2 protein chains.
Amino acid sequence: MTIKPAKTMTLSDIARLAGVSESTASRALRDNPVINAQTRQKVQQIAADHQFKVNATARSLRTQKSHTIAVIILFDAKTQQAITDPFLLDILGVIADELTRQGYDMLLSTSKTTDKDWRSYYFDSKRADGLIVIGQGEHDERVEQLSNAGVPFVVWGAATGTEHFPVIGSDNRQGAQLAVTHLLTQGCKRIAFLGDIRHSEIEMRYLGYQDALQAAGIKPEAKLQLNTDFTAQAGYLQTQQALFSELGSLDGIFAASDAIAMGAMKALLEHGIKVPQQLALVGFDDIAMSAYCTPSLTTVKQDTHAGGKLLVAQLLSRINGGKAASQLLPVKLIERQSSLRGN
Amino acid sequence: MTIKPAKTMTLSDIARLAGVSESTASRALRDNPVINAQTRQKVQQIAADHQFKVNATARSLRTQKSHTIAVIILFDAKTQQAITDPFLLDILGVIADELTRQGYDMLLSTSKTTDKDWRSYYFDSKRADGLIVIGQGEHDERVEQLSNAGVPFVVWGAATGTEHFPVIGSDNRQGAQLAVTHLLTQGCKRIAFLGDIRHSEIEMRYLGYQDALQAAGIKPEAKLQLNTDFTAQAGYLQTQQALFSELGSLDGIFAASDAIAMGAMKALLEHGIKVPQQLALVGFDDIAMSAYCTPSLTTVKQDTHAGGKLLVAQLLSRINGGKAASQLLPVKLIERQSSLRGN
DNA sequence: AAGCATATTGCAATCGATTGCAATATGTCC
DNA sequence: GGACATATTGCAATCGATTGCAATATGCTT
């Protein structure tokens with residue numbers, strides 16, 4: 001039998017019940033040591049008895065802090081799809097937990113929401129103290145605008161070193177290089193790249209792909225780079241098409257995401273191509289499913305946990321008057337069946 | 001060259017600049033027809049010039065409406081994992097879009113956040129006007145409490161007909177029945193059920209499983225129901241174990257989620273069991289990857305789009321003084337390779 | 001020209017909590 | 001007993017917008 005308050009209690013109600021002023025009540029509830037211990041205790045007890053909760057709106061108005069961070073997930077302008085890649089979900093979960101741990105709420109915005117002017121909507125209107133933008137996408141001018149407007153924000157994406165706002169992201173170039181070098185080690189000679197290089201993260205992966213080839217004395221062929229959206233379907237269709245085209249014979253594929261890789265795998269298997277014997281395949285992200293497809297997928301694992309924590313840490317530091325710096329996170333190659341030929 | 005406001009503009013600034021009172025300015029900005037058209041225009045122009053945005057906090061305080069909905073994703077008490085199933089991501093995206101369309105913001109809370117008392121934290125504190133709870137999980141008392149507290153909320157889960165709060169969800173029982181009937185039609189005689197029936201949604205699926213067997217004159221064996229978490233890993237391990245145990249020979253598996261099914265598939269293939277010839281497999285959810293594993297996965301498709309829209313519609317109706325009703329959404333069997341034996 | 005309806009605008013209270021500063025009470029020292 | 005330091009508490013302003021009601025202006029009627 002919980003007491004069901006007829007109407008919401010306010011601080012003034014609590015103060016009256018405790019026989020103190022609102023200021024004392026307010027201080028008592030916030031454990032301000034200047035208030036006498038007994039008074040403090042009494043006020044807190046009464047507040048608890050009446051299930052009093054501070055009105056977050058009033059507090060925000062007065063303190064000029066919302067204690068809320070807006071997380072914006074950029075959607076692909078082309079596919080119009082919001083969050084689809086399981087990878088996003090991973091990092092989103094980490095960010096959510098970390099924000100909570102730090103006492104912040106998370107306002108989530110996806111796809112169409114972002115038609116809005118983020119700065120106006122979230123920051124100028126005081127809905128949020130700062131922004132986390134996930135996925136730079138294809139060079140978004142809106143991100144650039146943010147940096148001119150004094151809005152505290154951090155981006156998950158590709159730190160190229162040239163942007164003038166803080167970007168946290170995996171070392172995509174290094175990851176791709178590891179992956180492609182691995183393919184070369186497994187004996188691949190002609191490796192296709194599946195991914196849309198208009199996304200800056202993917203562009204970095206493509207650079208890593210080229211690095212690896214060049215290090216092995218192989219000249220990258222432009223026609224082996226095939227623009228592919230972030231979906232299994234796109235990977236499937238692109239691979240089918242590649243197999244029918246006059247690309248010549250491939251013996252390796254590096255896909256810019258695991259979802260793409262799985263689509264590619266499907267197409268290959270349908271065509272009776274043996275993976276990894278005839279063609280070795282490597283993805284990127286290490287989503288949960290990668291270990292459980294057949295053959296299991298070799299991939300580059302991003303440290304989403306570190307990434308999420310870092311995004312939050314940098315943003316909060318920035319909000320609290322400090323600086324936020326770009327940072328590259330190390331990645332790791334996870335070798336599985338799709339590329340291991342057992343020499 | 002955007003004008004960079006030295007400090008944030010307030011309504012009073014705009015009023016002063018326009019030479020009108022704050023009340024007139026406020027009304028003008030909200031397109032109140034009582035204000036003279038010219039005045040209205042002038043105020044709006046000035047506001048636009050100075051990139052004025054209404055302070056959402058102040059408005060909320062005054063109007064007593066946050067125009068925010070808290071979405072709570074229940075995590076599994078056991079695995080301690082937050083959002084992992086791709087299915088959640090789907091429905092979350094739909095809800096986000098729909099809330100945006102309706103002019104609401106979305107406060108997302110996962111896993112550890114939910115240690116809090118939701119009612120206090122989100123509703124009593126006026127952070128949100130209502131709650132959407134996703135995943136009833138294993139009979140959560142906290143959901144029950146909400147319904148006693150007059151908080152507007154809706155749940156995505158299993159509408160059993162006995163709960164006294166609005167639940168929107170797929171017709172899990174019907175879906176399972178379709179799936180298992182399909183397996184029987186394909187000639188399966190002994191079908192295992194992989195899923196944790198302590199989750200009410202899964203319980204409904206188990207009932208549907210039993211319905212189908214009984215309709216075919218088969219007596220369900222309790223030992224063929226194997227509790228399994230919502231992950232590919234759990235499906236994999238459980239299936240491995242099942243194959244080594246003295247369950248006798250199975251020729252069909254109905255998994256309570258696609259992720260579980262994919263784990264199961266992995267285990268089967270590793271053991272050289274031919275899918276679907278020796279053992280047919282059906283999942284639930286129709287996540288994006290299901291069409292792209294090999295063999296592709298037969299599954300029961302949930303209408304996440306309708307579900308998300310309905311959740312939002314019902315909640316807003318409830319907030320606006322109306323009623324919210326539980327509702328069952330129809331599902332659809334998607335037949336793919338993992339179960340089709342071509343008779 | 002007085003009377004009254006209608007169109008616009010402004011005054012001032014209000015939403016609920018926080019906080020700088022002043023006020024009071026208590027204790028200590030010489 | 002007076003002076004002064006310290007511990008507690010309260011007053012009142014403030015955050016920024018919204019809104020009921022009153023005030024003023026304008027136009028029309030007879």
Side-chain angles (χ1 to χ4, degrees), chain A residues 5 7-44 46-47 50-68 120-129, chain B residues 5 7-44 46-47 50-68 120-129:
Chain A
K7 88 177 183 61
T8 319
M9 287 268 151
T10 72
L11 182 63
S12 124
D13 295 327
I14 300 301
R16 191 162 23 75
L17 290 170
V20 298
S21 71
E22 287 187 40
S23 22
T24 300
S26 173
R27 292 188 177 104
L29 289 173
R30 313 191 94 207
D31 271 328
N32 187 325
V34 88
I35 298 295
N36 180 294
Q38 280 182 29
T39 314
R40 224 183 317 161
Q41 178 114 35
K42 181 174 173 193
V43 173
Q44 292 184 356
I46 290 179
H50 293 78
Q51 318 210 123
F52 168 78
K53 291 292 155 188
V54 170
N55 182 316
T57 309
R59 169 181 286 174
S60 292
L61 177 59
R62 177 60 228 244
T63 61
Q64 299 287 334
K65 287 200 186 338
S66 67
H67 268 265
T68 299
S120 306
Y121 190 76
Y122 290 109
F123 191 72
D124 292 350
S125 78
K126 298 291 195 318
R127 263 171 254 260
D129 297 337
Chain B
K7 86 177 183 62
T8 319
M9 286 268 151
T10 72
L11 182 64
S12 122
D13 295 327
I14 300 301
R16 191 163 22 75
L17 288 170
V20 299
S21 70
E22 287 187 40
S23 20
T24 300
S26 173
R27 293 190 178 103
L29 289 173
R30 314 192 93 206
D31 271 329
N32 188 325
V34 88
I35 298 295
N36 180 294
Q38 279 182 29
T39 314
R40 227 185 313 162
Q41 179 114 34
K42 181 173 173 196
V43 172
Q44 291 184 355
I46 291 179
H50 293 77
Q51 317 209 127
F52 168 77
K53 291 292 156 186
V54 170
N55 181 317
T57 308
R59 169 181 287 174
S60 292
L61 177 58
R62 176 60 226 241
T63 61
Q64 300 287 341
K65 290 205 186 330
S66 67
H67 267 266
T68 300
S120 306
Y121 190 75
Y122 290 109
F123 191 72
D124 293 348
S125 78
K126 296 292 195 320
R127 264 170 253 260
D129 297 337

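Protein chains get the first letters and strands the later ones, always in sequence-line order, with residue 1 at the start of each. Worth saying up front: this structure is predicted, and the values here are computed from it rather than measured.
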**Complete:** B/T63 has its side chain closest, among C/dG10, D/dT8, D/dT18, to D/dT18
**Request:** Measure the OG-CZ distance between A/S66 and B/R127 for me, rounded to the nearest 0.5 Å.
**Result:** 10.5 Å
**Item:** No-H, no-angle donor-acceptor pair, A/R16 side chain to D/dG10 base, under 3.5 Å
**Value:** no
**Message:** Please tell me if A/T24 has a side-chain N or O lying less than 4.0 Å from either OP1 or OP2 of D/dG10.
**Reply:** yes
**Asked** Given C/dT18, is OP1 or OP2 found less than 4.0 Å from the side-chain N or O atoms of A/S26?
**Response** yes
**Request:** Calculate the interatomic distance between B/N36 atom CG and D/dT26 atom C1'; express it in whole Å.
**Result:** 12 Å
**Asked** Pick one: which of B/V43, B/L11, B/D13 meets side chain to side chain contact (heavy atoms under 4.5 Å, CB included) with B/F52?
**Response** B/L11
**Item:** Nearest listed nucleotide, side chain of A/T10, among D/dA17, C/dA17, D/dC15
**Value:** C/dA17
**Prompt:** If each of A/V54 and B/A25 is mapped to the nucleotide of DNA chain C with the nearest heavy atom, which maps nearer the 5' terminus, i.e. the 5' end?
**Reply:** B/A25
**Prompt:** How many Å lie between CZ on B/R40 and C1' on C/dA7, as a whole number?
**Reply:** 12 Å
**Prompt:** Which whole-number value in Å describes the distance from B/R27 CZ to D/dC21 C1'?
**Reply:** 10 Å
**Prompt:** For residues B/S60 and B/T57, is any side-chain donor paired with an opposing acceptor at under 3.5 Å?
**Reply:** no
**Prompt:** In Å and rounded to the nearest 0.5 Å, what is the CZ to CZ distance from A/R40 to A/R27?
**Reply:** 13.0 Å
Expected rows: protein N/O vs nucleotides 12-14 of chain D N/O, under 3.5 Å:
unit_1 : atom_1 : unit_2 : atom_2 : d
D/dT14 : O2     : A/R62  : NH1    : 3.0

**Item:** Nearest-neighbour nucleotide for the A/R30 side chain, C/dA17, C/dT18, D/dA17 considered
**Value:** C/dT18
**Message:** Can you tell me which nucleotide in C/dG16, D/dG16, D/dA17 comes closest to the side chain of B/Q64?
**Reply:** C/dG16
